[in-house]
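First the proteins, then the strands, lettered A, B, ... as listed; each starts at 1.
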2 protein chains.
Amino acid sequence: MRLAELSTETGVSVATLKYYLREGLLHAGRAMSRTQAEYDETHVDRVRLVRALSEVGGLSLATIEQVLEVITEPGTDRLHVLEVAQRTLARASRTVGSDEGASVRRVRAWIEQHGWEIDPQDPFIDDLARAWEACDHAALGLDEERMDRYADHVEGIAEVDVSTVPADPEAAVRHVVLGTLLVDPVLVALRRLAQQHVSRGLQGAAARGTGTATDDADGMVSS
Amino acid sequence: MRLAELSTETGVSVATLKYYLREGLLHAGRAMSRTQAEYDETHVDRVRLVRALSEVGGLSLATIEQVLEVITEPGTDRLHVLEVAQRTLARASRTVGSDEGASVRRVRAWIEQHGWEIDPQDPFIDDLARAWEACDHAALGLDEERMDRYADHVEGIAEVDVSTVPADPEAAVRHVVLGTLLVDPVLVALRRLAQQHVSRGLQGAAARGTGTATDDADGMVSS
DNA sequence: TGACTTTGGATAGTAGACCTCTCCAAACTG
DNA sequence: CAGTTTGGAGAGGTCTACTATCCAAAGTCA
């Protein structure tokens, strides 16, 4: 197919596709002549993937380029699949600076007492430390005990993640990287919906319990 | 304190603080004279919150402004606490366009059969539809059954969320909005760490079975 | 008192990200 | 063989989040 067809197929403008070609986000088509090139399904898939990572995953184009590099690279040692994937994801996350402070030590201590076996140098420890610290500043009451409760549920999610990774190492890198990046938004949306469902349940219970009419009923979100 | 002190206290440059003042992200200090203003702890908190929402939460300044507007607005009907919070969060999420297609219908059907009680017009249904669709295009094998498994774990998270919301309605809006936005990154980081922990468990089990030796430097990414 | 520095406020400028426009000559179309 | 379309390349545009400059009044110190 021509560039214009690729455009209508993916809903991305020709100008933008040209830009992606220039930036190396999209591999060149098979040149039929100096002013004619042929694109195929791999190009359609690639464009859709770039858009998904950008719009749904919220990644920058520079990050997407790095992600694409890793998941299309052929020579991946089957021993280091997860390592490579994690390193890609670490770079994908907007790592700003290194904190190395008390918050990182707290996270390490918490991980240990929670019983998780994790490399103490793992870059996501920094991410967690920063995020946890932000919650502290906002006085959200996120303490070790609540973190434990979150972690137990998240571990269940991670088990689903890991159990669905294919055996083939090349497919595995792709699956882990994309599965992590693209499922994150799914989980975020699910959380919002679940909050609504759960608080509705409480509201219903409160209404049944107190028998309040429409007016002045307080039981909304409160526990 | 002076603007310069606010700057050293928060680690944000004076120029940037002036910018925040102009944009309305930071309330003005108490003017002592035409060239002197007094700032206090509320300003320090506010600046830290803005930075947290920006750097940790990844929100744009325009979105942060809307969030601040809601969580500082005094007159919140205690009936609509969650509604207000959800609407704020809906605007906070980068809603691009309306899909209204088959993917939205699938999500609605899935929610119903999963047994969640949710407003069919909920904006996060669109978000979930988009995210799920992106996973489909990437061939990640995210089917209804796996979604059920994710949802069960996420429901546990939402129960923790809801159970920690304070009774006071004004505090509740703040808590729900910030708790949702700032805890998201915590959960994301936890998921990465949990994946590592879980797959280490499997790898350990496999290694005990096969007894592999590792040498041969990891073929790629180093910088 | 008077030189000097600091302050808040306003305006303009900058850097990066992500496109979008314009031009071009070759190639395809009727 | 006139007219349109194509791929390619570079410049230009828009948005976001700052950053730098300027100014006059206010504070500071000898």
(request) Could you check how far CG of A:L61 sits from P of C:dA17, rounded to whole Å? (result) 9 Å
(request) Please figure out whether B:A62 or B:R34 has its closest DNA chain D nucleotide nearer the 5' end. (result) B:A62
(request) Would you kindly give the CD-to-C1' distance between A:E5 and D:dT5, to the nearest whole Å? (result) 12 Å
(request) Before accepting this row, confirm whether a basic side-chain N of the pair B:E38/B:R2 lies closer than 4.0 Å to the acidic partner's carboxylate O. (result) yes
(request) If the plane angle is over 60° it's perpendicular, under 30° parallel, otherwise tilted; pick one for A:W116 and B:H197. (result) parallel
(request) Specify the separation, in whole Å, of atom CD of B:E38 and atom P of C:dG9. (result) 13 Å
(request) In plain terms, say whether B:D40 and B:R30 are close enough for a salt bridge, that is, a side-chain N and a carboxylate O under 4.0 Å apart. (result) no
(request) Tell me what A:A4 touches on the nucleic acid: a base, only sugar-phosphate, or nothing, going by heavy atoms under 4.0 Å. (result) sugar-phosphate
(message) Below 4.0 angstrom, which residues in residues 6-23 of chain A have at least one non-hydrogen atom near DNA chain C?
(response) A:S13, A:A15, A:T16, A:Y19, A:Y20, A:R22
(request) Using atom CD of A:Q66 as one end and atom P of C:dA17 as the other, report the distance to the nearest whole Å. (result) 12 Å
(message) Please report the distance, rounded to the nearest Å, between CD in B:E65 and C1' in D:dT16.
(response) 13 Å
(request) Could you label the plane-to-plane angle of the B:H27 and B:H43 rings as parallel, tilted or perpendicular, counting under 30° as parallel and over 60° as perpendicular? (result) parallel
(message) Before you tell me yes or no, could you show the steps for B:R46 and B:T72 under side chain to side chain contact (heavy atoms under 4.5 Å, CB included), namely the whole-Å CA-CA distance, both residues' side-chain angles and the distance that decides it to 0.1 Å?
(response) CA-CA 11 Å; B:R46 173 64 66 87; B:T72 56; 3.4 Å; yes
